[in-house]
Amino acid sequence: MTPADLVLTRRGVRFRGGYFPCSIGKGGLSNSKREGDGATPTGCLNIVGMLYRPDRLARPSPWAIPIGPQDLWSDDVEDAQYNHMVSAPYPFSHEKLRRADPLYDLVLITDWNWPNAVAGRGSAIFLHQWRRPGFPTEGCVAFRRDHLRWIARRIEPGTRLIIPQA
């Protein structure tokens with residue numbers, strides 16, 4: 001591990017000498033993540049993308065991609081594009097990336113079960129804004145808005161998110 005790694009600890013995520021409180025999945029940590037279990041998978045995940053709402057915040061990093069009204073994420077295990085970004089209209093089950101609430105105003109995408117997704121192993125694990133302190137996610141790692149923005153300005157593609165075994 002290096003200071004440039006994001007490391008989940010009991011105190012929060014350690015990154016570049018600081019600790020950032022976070023929320024994890026309502027199913028806790030899992031060594032065998034499955035679709036719909038609400039758990040945050042353990043292991044070493046890499047940051048592979050960054051999305052942001054350009055109507056709500058400035059580009060946080062040169063490699064960040066704007067989220068548009070048609071942007072979705074497929075979470076349907078029957079879909080050939082399962083666990084990939086897709087565009088509306090879309091016939092399979094999906095999650096809207098451009099939400100009314102601020103949770104996905106800034107999203108860091110990990111390589112969990114991506115790019116070669118295995119059906120049922122679980123779709124996207126994002127780093128995004130939390131609803132409120134301690135409120136669990138569906139498996140993602142969530143932060144206070146200002147902390148997420150601070151992290152986003154300092155990471156690069158390939159930054160590791162290390163989640164120790166449960």
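Looking at heavy atoms from C-beta onward, Pro164 lies in side-chain contact with Leu8 at the 4.5 angstrom threshold. Inter-residue side-chain proximity for Ile47 and Glu156 is flagged as unmet; no heavy-atom pair is nearer than 4.5 Å. With a 4.5 Å cut-off on side-chain heavy atoms, Tyr52 and Pro66 count as touching. Residues Leu127 and Phe143 form a side-chain contact, since some pair of their non-hydrogen atoms from C-beta on lies under 4.5 Å apart. A heavy-atom distance below 4.5 Å is not found between the side chains of Ile109 and Met85.
Across all their heavy atoms, Ile125 and Gly139 have their closest contact at CD1-O, 3.5 Å. Residues Gln129 and Arg145 share a closest heavy-atom pair of OE1-NH1, 2.8 Å. Of all heavy-atom pairs between Arg16 and Ala4, the closest is NH2-CB, 4.0 Å. Across every non-hydrogen atom of Pro21 and Trp130, the tightest pair is O-CZ3, 3.7 Å. Heavy atoms only, all atoms of each residue included: Asn83 and Ala124 are closest at OD1-N, 2.6 Å. The heavy-atom pair separating Glu78 from Phe92 by the smallest distance is O-CE2, 4.0 Å.
Within the 3.5 Å criterion, the main-chain N or O of Leu103 finds a donor-acceptor partner in the side chain of Asp101. Side-chain N or O atoms of His84 include one that pairs as donor or acceptor with a backbone N or O of Pro115 at under 3.5 Å. Under the 3.5 Å distance criterion, the side-chain polar atoms of Asn113 are left unmatched by any main-chain donor or acceptor of Ser123. No donor-acceptor pair under 3.5 Å is formed between the side chain of Asn46 and the backbone N or O of Val48. With hydrogens and angles ignored, the 3.5 Å screen pairs a side-chain donor or acceptor of Tyr82 with a backbone N or O of Gly122. Looking at Ser23, its side chain never comes within 3.5 Å of a backbone N or O of Thr137 through a donor-acceptor pair. The main-chain N or O of Arg34 is found under 3.5 Å from a side-chain atom of Asp37 such that the two form a donor-acceptor pair. With Arg59 contributing its side chain and Ala64 its backbone, the two residues share a donor-acceptor pair below 3.5 Å.
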Fill in: Stepwise side-chain hydrogen bond (donor to acceptor under 3.5 Å, both in side chains) check, Gln81 with Tyr90
CA-CA 11 Å; Gln81 293 300 309; Tyr90 204 70; 5.6 Å; no
Item to complete: Verify side chain to side chain contact (heavy atoms under 4.5 Å, CB included) between Ile24 and Ile163, making sure each step is shown before the conclusion.
Response: CA-CA 11 Å; Ile24 62 168; Ile163 303 172; over 6 Å; no
Fill in: Residues Thr40, Lys33; criterion side chain to side chain contact (heavy atoms under 4.5 Å, CB included); working and verdict
CA-CA 7 Å; Thr40 301; Lys33 171 84 179 134; over 6 Å; no
Practice prompt. Go through the steps to decide whether Leu57 and Arg149 satisfy the test side chain to side chain contact (heavy atoms under 4.5 Å, CB included), and finish with yes or no.
Written response: CA-CA 10 Å; Leu57 57 107; Arg149 292 181 73 179; 4.1 Å; yes
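Rounding to the nearest 0.5 Å gives a distance of 11.5 Å between CE of Met50 and CD1 of Ile67. Atom NE2 of His128 sits about 11.5 Å away from atom CG of Asp105, to the nearest 0.5 Å. In this structure, the separation between CZ on Arg144 and SG on Cys22 is 12.5 Å, given to the nearest 0.5 Å.
There is a path of hydrophobic side-chain contacts, each under 4.5 Å, that joins Leu161 to Leu108. A single hydrophobic cluster is seen to contain both Trp114 and Val107, as judged by linkage of ILVMFWY side chains at heavy-atom distances under 4.5 Å, directly or through other members. Under the 4.5 Å side-chain heavy-atom criterion for ILVMFWY residues, no single connected hydrophobic cluster contains both Tyr104 and Leu148. Hydrophobic clustering, with ILVMFWY side chains joined whenever heavy atoms are under 4.5 angstrom apart, keeps Leu97 apart from Val86. Follow the hydrophobic side-chain contacts under 4.5 Å out from Trp63 and you reach Leu45 in the same cluster.
Side-chain contact of Thr110 with Trp112: a donor-acceptor pair under 3.5 Å is absent, judged by distance alone.
The pair Arg121-Glu35 does not meet the salt-bridge criterion, since no charged nitrogen lies less than 4.0 angstrom from a carboxylate oxygen. A salt bridge is defined here as a Lys NZ or Arg NE, NH1 or NH2 lying under 4.0 Å from an Asp or Glu carboxylate O, and Asp71 with Arg98 fails to meet this definition.
In this pair, Phe15 and Phe20 present their aromatic rings tilted. The plane angle is within the 30 to 60° band.
Within a 6.0 Å radius of CZ in Arg11, no more than 12 heavy atoms belonging to other residues, nucleotides or ligands are found.
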